[in-house]
Amino acid sequence: MVDALAEGLGWLRATAAPASWQRVIAAVRAHPLLALLHENPLARRSYRKPRGYAGDAPMLDMLYLGEAALENEPMTPLGLALFRRDLAAPAALAARERIGHMAAQIDQMAEARRAPHVLALGAGHLREAALSRALRAGRIGRFVALDQDAASLAVVQVEHAARGIETLHRSPKATFDGTLPRGGFDLVYAVTLYDDLTDRLAHTVTAACFALLRPGGRLVVANADRNLAEAGYHEACFDWVRFQRDAAGVMRLAHGIPAAEVAACRILPDLRPEGHYLEIRRRGGA
C-alpha cells in the first residue's frame, strides 16, 4: 500500500503544476492515514521537527544505522514495518552510500598526501568518520567538522574526542566570511548540506569552498537527484523538502569559479541514480 502511495505521489509531484501539488499535499495532511504513517519514527521525527528542521542528524542516523538508532523511539508493529520499508527504499540506500563514499574520499586523500587537512560541511553526527581507515589510523593532520546544530556537534565531540576532530558551530556562511583559512584544506566535502541550500547559496558556498582548497585539493559535494522517486512521498507525508538537482544542475554550481584555477570538474560516475556527486579539483600541488 505504501509503495503505491509513494509511486502515486511521485507521479503527481512530477506532473502537477506547483499550486496543484500544494493542494495534493494539503489533502494528504488532512487525511486520517497520515497518523498511521507517523507511527514510523522516521516520518514522525521529520514531520515534527524537534530541532526546527527535517533531516536532522538523529533522523539521518535512522537511515544510516537502521534499527540501532531507534532505542529511544516509541514503536508499534506498524511503525516498525513502515520503518523497515523506508530503510530498504532506494533513497535510504543512497543515503548510506553517501557516507561510505565520503569515507573513501577521506582515505584517498590520506593516501595521496601526508596528514591532509579535511573540512566536513554540515557534518551532522559525522557518521562517515567511523568508516574511514585513515581517521582510525590517525593519518589526518587536521579535521574540522562544521555544523549549525550544536547538539549534533556535541555528539561528534563525545564520539571522536580521541581522534582530535575539531568542531565549529557555524552556518555555511563560515565558508565565505573569513572564519576559515583560504587555501587551508586538502579536502572539503558535504554529505547532505547541498540538499538544504538554495541555488543562490549553493553557488556561493561552492565558490567559497573552492577558495579554501590548497593547490591540488578537492571539493566533493553530494546532492539528491531532482527526480528522486520518494521525493513526493517525503514532501507530502514527512514534510521533508529538499533542493534537488539533476546532473546538469549540480554541474552549474561550479559556474563562476575561474576556469584557469580548475584542474577538473566532473560528476563522479557509476554511483546510484538517486543522487549526484560533484568533484572539483584545484590546479597545482603534487
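Since this is a predicted model, take the numbers as computed values, not measurements.
Using modelled atom types, one finds a donor on one side chain and an acceptor on the other under 3.5 Å when comparing H160 with R163. Side-chain contact of D196 with Y53: a donor-acceptor pair under 3.5 Å is absent, judged by distance alone.
Summarising the geometry, atom CE belonging to M59 is positioned 10.0 Å from atom OH belonging to Y64; distances are rounded to the nearest 0.5 Å. Interatomic distance, L197 CG to F243 CZ, rounded to the nearest 0.5 Å: 8.0 Å. Taking NE2 of H101 as the start and CD1 of I106 as the end, the distance is 10.5 Å to the nearest 0.5 Å. Note that the SG atom of C237 and the NE2 atom of H38 stand 6.5 Å from one another [nearest 0.5 Å]. Rounded to the nearest 0.5 Å, atoms CZ (F176) and OG1 (T206) are 11.0 Å apart. To the nearest 0.5 Å, atom CG of residue L65 and atom CG of residue L70 are 9.5 Å apart.
Side-chain contact between E97 and E274 is absent, with no heavy-atom pair separated by less than 4.5 Å. Contact annotation: the side chain of M109 never approaches that of R139 to less than 4.5 Å [non-hydrogen atoms, C-beta and beyond]. Between L278 and I267 there is a side-chain heavy-atom pair separated by less than 4.5 Å. A heavy-atom distance below 4.5 Å is found between the side chains of E261 and F210. P58 has its side chain out of reach of V155: every pair of non-hydrogen atoms, C-beta onward, lies at least 4.5 Å apart. By the 4.5 Å heavy-atom criterion applied to side chains, R245 and L253 are counted as neighbours. Contact check for P172 versus Q148: side-chain heavy atoms found under the 4.5 Å cut-off. At least one side-chain heavy atom of V2 sits under 4.5 Å from a side-chain heavy atom of L37.
The minimum heavy-atom distance linking A145 with A123 is given by the pair CB-CB, 3.7 Å. Of all heavy-atom pairs between G122 and D147, the closest is C-OD2, 3.2 Å. The two residues V28 and L9 come nearest to each other via the heavy atoms CG2-CD2, 4.0 Å. The heavy-atom pair separating H276 from A247 by the smallest distance is NE2-N, 3.4 Å. The two residues L63 and A92 come nearest to each other via the heavy atoms CD2-CB, 3.9 Å. I257 approaches A207 most closely through the heavy-atom pair CG1-CA, 4.1 Å.
By the criterion of side-chain heavy atoms lying less than 4.5 angstrom apart, applied directly or through intervening Ile, Leu, Val, Met, Phe, Trp or Tyr residues, L60 is grouped together with M62 in one hydrophobic cluster. Linking Ile, Leu, Val, Met, Phe, Trp and Tyr residues whenever their side-chain heavy atoms come within less than 4.5 Å leaves L93 and F238 in two separate clusters. The hydrophobic cluster containing V191 does not contain L180, counting ILVMFWY residues as joined when their side-chain heavy atoms lie under 4.5 angstrom apart, directly or transitively. Under the 4.5 Å side-chain contact rule for hydrophobic residues, V221 and L187 do not share a cluster. Hydrophobic clustering places V156 together with I99 (ILVMFWY residues linked when any side-chain heavy atoms are closer than 4.5 Å, directly or through intermediates).
With hydrogens and angles ignored, the 3.5 Å screen pairs no side-chain donor or acceptor of R282 with any backbone N or O of V262. Distance alone, capped at 3.5 Å, places no donor-acceptor pair between the H117 side chain and the V144 backbone. D195 contributes no side-chain N or O that, together with a main-chain N or O of R242, makes up a donor-acceptor pair within less than 3.5 Å. Side chain of R170 to main chain of L146: no donor-acceptor pair is present (N/O by atom type, distance under 3.5 Å, no hydrogens or angles).
Look at E128 and R98 and you find no salt bridge, because none of the NZ, NE, NH1 or NH2 atoms lies under 4.0 Å from a carboxylate O. With respect to the salt-bridge test (charged N to carboxylate O, under 4.0 angstrom), the residues R13 and E230 do not qualify. Salt-bridge annotation for R266 and E279: present, with a side-chain N of the basic residue lying under 4.0 Å from a carboxylate O of the acidic one. Look at R45 and D61 and you find no salt bridge, because none of the NZ, NE, NH1 or NH2 atoms lies under 4.0 Å from a carboxylate O.
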L135/I165 under side-chain contact (heavy atoms from CB on, under 4.5 Å): CA gap, chis, key distance, verdict: CA-CA 9 Å; L135 266 170; I165 291 176; 4.3 Å; yes
From CA spacing to verdict: side-chain contact (heavy atoms from CB on, under 4.5 Å), D239, S46: CA-CA 7 Å; D239 194 22; S46 179; 5.5 Å; no
side-chain contact (heavy atoms from CB on, under 4.5 Å) assessment of D225 paired with Q244: CA-CA 5 Å; D225 183 72; Q244 299 165 209; over 6 Å; no
Test log, rule side-chain contact (heavy atoms from CB on, under 4.5 Å), inputs E235 and W21: CA-CA 10 Å; E235 288 186 18; W21 172 237; 3.1 Å; yes
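Relative to the six-membered ring of Y233, R85 meets both conditions, a distance below 6.0 Å and an angle of at most 45° to the axis.
The local environment of CD in E166 is crowded, with over 12 non-hydrogen atoms from other residues, nucleotides or ligands closer than 6.0 Å. Heavy atoms from other residues, nucleotides or ligands lying under 6.0 Å from CZ of R29 number more than 12. Environment of NZ in K49: crowded, with over 12 heavy atoms of neighbouring residues, nucleotides or ligands closer than 6.0 Å. More than 12 heavy atoms of other shown residues, nucleotides or ligands fall within 6.0 angstrom of atom CZ in R96. Crowding of R136 atom CZ: a count of heavy atoms from other residues, nucleotides or ligands under 6.0 Å exceeding 12.
Using the six-membered ring where Trp is involved, F143 and Y189 have ring planes that are perpendicular, over 60° apart on the 30 and 60° scheme.
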